[in-house]
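We count ligands from 1, going down the list as the structure has it; atoms in each ligand are counted the same way.
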Amino acid sequence: MRFDVISIFPELIEGYFQAGILARGRERGLLALQVWNPRDFSLLPHRRVDDRPFGGGPGMLMQAPPLVAAIAAAREQNPGAPVAYLSPQGRPLRQADCERFSKRSGMILLAGRYEGVDERIMAAVDEEWSLGDYVLAGGELAALVLMEATARLLPGVLGHAASAQEDSFAAENLLDCPHYTRPESWQGAVVPAVLLSGDHARIARWRRGQALLRTRARRPDLWAQRVLTAEDVRCLQEAESEDEFGRV
Ligand code: 9WO
């Protein structure tokens, strides 16, 4: 999969690709990245890309011409790739969206800066995504989040196959269950006995029950969408009847 990112801070994007799964995906030839700096497409003195808003108001806007020229250059190298703009006005990004992105051959991501971009760039944009209802200083972090969430779904990018359980919880809009590793007892806090039982069917039911309990308690929005299966009801009832260590 090929990502092209339009950003006046290419070093922020390149820097994050220097470690972790994005670096590994690139080394393995599963991911490609090119960053385009709109300043390289500016026809103004001092490679200027911003100006004051018509109608007045605080701050500066990114001008359309250098941004749209950078998008056109990226499109030539990444044919068929949708152009996505990251902004708080976009559609809320979800795991299911990243699953769809991971089946694309490429994406072009536009990271804005300043107080916004000239609205006329939207003619060159295919989709607009938001990570949540807060304002950042620019779209770079959001572009990195989208790329990491998508890249980890590409076959071969993760070191070991992602746990089937985590992926199934994510695909179902369930929160993850609690996890434990050694030491078995630490400062008086012990690991739930069920996880040490070796009974894999019981462990799977416990994990599912915990995921359901957590989702109900913490994410009423996800819970309201949920259609409980008979197995869900069983796991949930077991979880409700136990204490946090799996004791009845
Ligand atoms: C700045 C600003 C200042 C005063 C009042 C309102 C304001 N809005 C903005 C603003 O939206 N600035 C953006 C900065 C311009 C586009 C790129 N920037 C951005 C993207 N900030 N936050 C995001 C973002 C992207 C995806 N998901 C969440 C936030």
Side-chain angles (χ1 to χ4, degrees), residues 1-17 20-22 31 33-42 44 47-75 78 81-102 104 106-153 170 173 175 218-219 221-222:
M1 180 168 193
R2 173 177 171 132
F3 288 114
D4 287 88
V5 182
I6 320 293
S7 165
I8 62 166
F9 291 114
E11 65 276 20
L12 293 181
I13 307 295
E14 282 289 357
Y16 195 69
F17 268 73
I21 68 149
L22 294 173
L31 270 185
L33 170 73
Q34 184 165 347
V35 189
W36 304 83
N37 189 341
R39 291 195 190 284
D40 294 335
F41 297 86
S42 170
L44 301 176
R47 294 159 42 92
R48 185 170 174 181
V49 295
D50 65 331
D51 211 331
R52 290 156 38 211
F54 281 120
M60 303 294 272
L61 300 178
M62 292 188 96
Q63 294 180 285
L67 277 184
V68 172
I71 292 170
R75 272 195 195 277
N78 200 344
V83 176
Y85 177 51
L86 288 310
S87 98
Q89 286 75 46
R91 178 167 155 201
L93 183 71
R94 313 210 45 178
Q95 184 71 16
D97 302 311
C98 298
E99 302 263 6
R100 278 190 294 106
F101 297 166
S102 71
R104 293 174 168 176
M107 288 181 76
I108 298 169
L109 304 178
L110 179 55
R113 279 270 154 178
Y114 312 117
E115 279 60 53
V117 297
D118 186 311
E119 187 64 21
R120 291 170 291 183
I121 66 134
M122 290 306 167
V125 168
D126 300 307
E127 46 197 56
E128 192 168 351
W129 295 102
S130 169
L131 298 191
D133 295 333
Y134 40 80
V135 180
L136 304 169
E140 283 81 3
L141 271 174
L144 288 168
V145 169
L146 185 155
M147 289 189 284
E148 184 168 296
T150 300
R152 65 180 290 287
L153 301 174
N173 279 324
L175 299 188
R218 301 183 192 185
R219 292 294 301 274
D221 57 324
L222 296 182

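Among residues at least two apart or in separate chains, salt bridge (Lys or Arg N to Asp or Glu O under 4.0 Å) pairs with a member in residues 128-143 are Arg113-Glu140.
Residue Pro38 comes nearest to Ala70 through the heavy atom pair CA-CB, 4.4 Å, listed as atom of the first residue, atom of the second, then distance.
Near ligand 1, heavy-atom contacts under 4.0 Å come from Tyr85, Leu86, Ser87, Pro88, Gly112, Tyr114, Glu115, Gly116, Trp129, Ser130, Leu131, Gly132, Tyr134, Val135, Leu136, Gly138, Gly139, Ala142.
In this pair, Phe101 and Trp129 present their aromatic rings perpendicular. The plane angle is above 60°, beyond the 30 to 60° band.
A salt bridge does not link Asp4 with Arg75: every distance from a Lys NZ or Arg NE/NH1/NH2 to an Asp or Glu carboxylate oxygen is 4.0 Å or more. In this structure, Glu99 does not pair ionically with Arg152, as no charged nitrogen and carboxylate oxygen lie closer than 4.0 Å.
Considering only heavy atoms from C-beta on, Phe3 stays 4.5 Å or farther from Val35 through its side chain.
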